[in-house]
There are 2 protein chains.
Amino acid sequence: MSGWEDIRREVLARIRSRAWPLGALIPTEATLAQEFGVARATVNRALSELARSGVLERKRKAGTRVAALPVRKATLDIPVIRAEVEARGEAYSLRLLRCNLAQPPLPVLARLGQDVGDMLHVETLHLASGRGFVLEDRWLNPAILPTPLPDFAAISANEWLVAHISYASGDIRFCAEAASDAAAAALGVAQGSAVFVTERCTWAPDAPITWVRLIHAPGYRLSTVL
Amino acid sequence: MSGWEDIRREVLARIRSRAWPLGALIPTEATLAQEFGVARATVNRALSELARSGVLERKRKAGTRVAALPVRKATLDIPVIRAEVEARGEAYSLRLLRCNLAQPPLPVLARLGQDVGDMLHVETLHLASGRGFVLEDRWLNPAILPTPLPDFAAISANEWLVAHISYASGDIRFCAEAASDAAAAALGVAQGSAVFVTERCTWAPDAPITWVRLIHAPGYRLSTVL
DNA sequence: ATGGCTATTATGTCTGCACATATTCCAAAG
DNA sequence: CTTTGGAATATGTGCAGACATAATAGCCAT
């Protein structure tokens, strides 16, 4: 009856009830440990979880305070596109539209660093039950690829990367755009349709790996629980 | 040189190098603890973090295995709109467009549960340096509101909620849409522009709290690091 | 006053141990 | 052959104590 989840709940209850107001300092771990009759490590676990989810802010020596302007944190799952299609109960297939070395456009260079020369430009159309689902426009650093190149017509660049270069660091951005003529044609939707766009940039510790832009067919939704 | 972050790094390195292939079982905590010369708790911490980020899958008795189809997990910060505007160095202001009791439309009812009757419909335009930034279309459960009602022209419903009803559970969805005529007019953009839409639904343990739809002005980007 | 050094203090992490809990696996009973 | 009921086992969590680290607060000398 006094595991770290119970402590977590109790602390949350005190915050909600305003017993500990927004922005206020709360008692130290040692004090709470004594009050609840548990070890300090247990309190630490509970408070650390709350800090991770944005409810508390902790600083050494300064103590723990209730976040003044709580920033809700949501975790997004970013699955491989094939898994995403299959999770909807649809049949996955892909069409490789392009795969050649070329000079990346300036915005891509700017994000990855100017020191890279030609990159592998791979364009893939991902289909769900034969209908356009996502158009993937990707630039790959050839230095990280094996020779001969993987067959991106059989396994998408998206999937090949998570299986072989997995767990790099990077950033991701989401936005809404009007579909370009080319994208609309590939996806089979009206020109200028509002499309959901995911833009990702990933890095190995030393060199850039890839820049990718996913143009999702209209109706796509990214969702998660809070 | 052997904190849990070092263990985490080493494990990640072994996964990347395919010393531990995708889908394979890895040694037990006890074994790794001995190999690295640390306590089991330290290994546990490292592996737990990796499981949380989707790299490993752990089950009692079954052991720990490398995730076969890794699902990248990204955490999104969902700040209060005012904070978001101010973080861009712009001046925040708001205009309350509507605030009245009404029967919610069917889609809203469906998501919140049919048992609620009339709800408070609040529409707010959030401005950054005087330009439309977000149009907030919100339905509130009146049962959770105090009397008299908060002055939503002074503090946005968005901000009032995080400060007073904070830390409920809920879900969130993002999509791209063409701006409706009304929304386009309010935001001051062309009709049919592609807009980024956030839709959120939050619940108290027992009753629904609110359903909200945020229509972001074109150019809005949601971003995070992986 | 003021700038910098030091002591203090709250959190962060580690250890070694223990017990709880969920699952698997195997063996015995039907 | 199937089902059921343990035993075995890997992870999950707890405890008490210790040291590490960061950041504040106060003190001292200039």
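Bear in mind that the values here come from a model prediction, so they are computed numbers and not experimental data. Each chain gets a letter, A, B and so on, in the order its sequence line appears, and its residues count up from 1.
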Original post:
Are the side chain of Ser17(B) and the backbone N or O of Ala13(B) linked by a donor-acceptor pair below 3.5 Å?
Top reply: yes

**OP:** Determine which pairs satisfy ring pair (Phe, Tyr, Trp, His ring centres under 6.0 Å) with at least one residue from residues 38-93 of chain A, sequence neighbours left out, and list them in order.
**Re:** Tyr92(A)-His126(A)

Subject >> Gap between atoms CZ and P, on Arg65(B) and dT24(C) respectively (whole Å) >> reply: 10 Å

**OP:** May I have the distance from Arg58(A) (atom CZ) to dG12(C) (atom C1'), rounded to whole angstrom?
**Re:** 9 Å

Original post:
So does Thr64(B) get a side-chain nitrogen or oxygen closer than 4.0 Å to the phosphate oxygens (OP1/OP2) of dT11(D)?
Top reply: yes

Subject >> Closest to the Ala62(A) side chain, choosing from dT13(C), dT24(D), dT11(D) >> reply: dT24(D)

**OP:** In whole angstrom, give the distance that lies between atom CZ of Arg52(B) and atom P of dT11(D).
**Re:** 17 Å

**OP:** Using whole Å, report how far CD of Glu57(B) lies from P of dT23(C).
**Re:** 14 Å

Original post:
What residues form a side-chain hydrogen bond (donor to acceptor under 3.5 Å, both in side chains) with Glu90(A), not counting sequence neighbours?
Top reply: Ser129(A), Arg131(A)

**OP:** For Arg221(A), check side-chain hydrogen bond (donor to acceptor under 3.5 Å, both in side chains) against everything at least two apart and list the hits.
**Re:** none

Anything under 3.5 Å between a protein N or O and an N or O of nucleotides 20-22 of chain C, put it in a table, one pair a line.
unit_1: dT21(C); atom_1: O2; unit_2: Arg60(B); atom_2: NE; d: 3.4

**OP:** Whole angstrom is fine here: how far is it from CD in Glu5(B) over to C1' in dC14(C)?
**Re:** 13 Å

**OP:** Can you sort out the partners of Arg200(A) under salt bridge (Lys or Arg N to Asp or Glu O under 4.0 Å), two or more places apart, ordered by chain and number?
**Re:** none

Subject >> Residue Gln34(B) excluded, over 12 heavy atoms near CD under 6.0 Å >> reply: no

Original post:
Rounding to a whole Å, what distance do you find between Glu49(A):CD and dT11(C):C1'?
Top reply: 16 Å

Measure all distances between protein nitrogen or oxygen atoms and nitrogen or oxygen atoms of nucleotides 15-18 of chain D, and list the pairs falling under 3.5 Å.
unit_1: dC15(D); atom_1: OP2; unit_2: Ala39(A); atom_2: N; d: 3.1
unit_1: dC15(D); atom_1: OP2; unit_2: Thr42(A); atom_2: OG1; d: 2.3
unit_1: dA18(D); atom_1: N6; unit_2: Arg40(A); atom_2: NH2; d: 3.2

Original post:
What are the residues of residues 23-34 of chain A, sorted by number, that bring a heavy atom to within less than 4.0 Å of DNA chain C?
Top reply: Thr28(A), Glu29(A)

Original post:
What pairs with Glu84(B) under side-chain hydrogen bond (donor to acceptor under 3.5 Å, both in side chains), at least two apart in sequence or on another chain?
Top reply: Tyr220(B)

**OP:** Take atom CG of Asn44(B) and atom P of dG16(C), then tell me their distance rounded to the nearest Å.
**Re:** 15 Å

**OP:** Not counting sequence neighbours, which residues clear side chain to side chain contact (heavy atoms under 4.5 Å, CB included) with Asp77(A)? List them please.
**Re:** Val71(B), Lys73(B)

Original post:
For Thr28(B), which residues count as a side-chain hydrogen bond (donor to acceptor under 3.5 Å, both in side chains) partner, sequence neighbours excluded?
Top reply: Thr31(B)

**OP:** Using a strict 4.0 Å threshold on nitrogen-to-oxygen distance, state whether Glu199(A) and Arg173(A) make a salt bridge.
**Re:** yes

Original post:
Which side chain to side chain donor-acceptor pair (under 3.5 Å) pairs, counting each pair once, include a residue from residues 151-162 of chain A, with sequence neighbours left out?
Top reply: Arg82(A)-Glu159(A), Trp160(A)-His164(A)

Subject >> Trp4(B) CH2 to dG12(D) P, straight-line distance once rounded to whole Å >> reply: 15 Å

Subject >> Residue pairs fulfilling ring pair (Phe, Tyr, Trp, His ring centres under 6.0 Å) with at least one residue in residues 23-42 of chain B, sequence neighbours excluded >> reply: none

**OP:** Report yes if a side-chain nitrogen or oxygen of Arg45(A) is closer than 4.0 Å to either non-bridging phosphate oxygen (OP1 or OP2) of dT13(D); otherwise report no.
**Re:** yes

Original post:
Between dG12(D) and Lys59(B), is there an OP1 or OP2 to side-chain N/O distance shorter than 4.0 Å?
Top reply: no

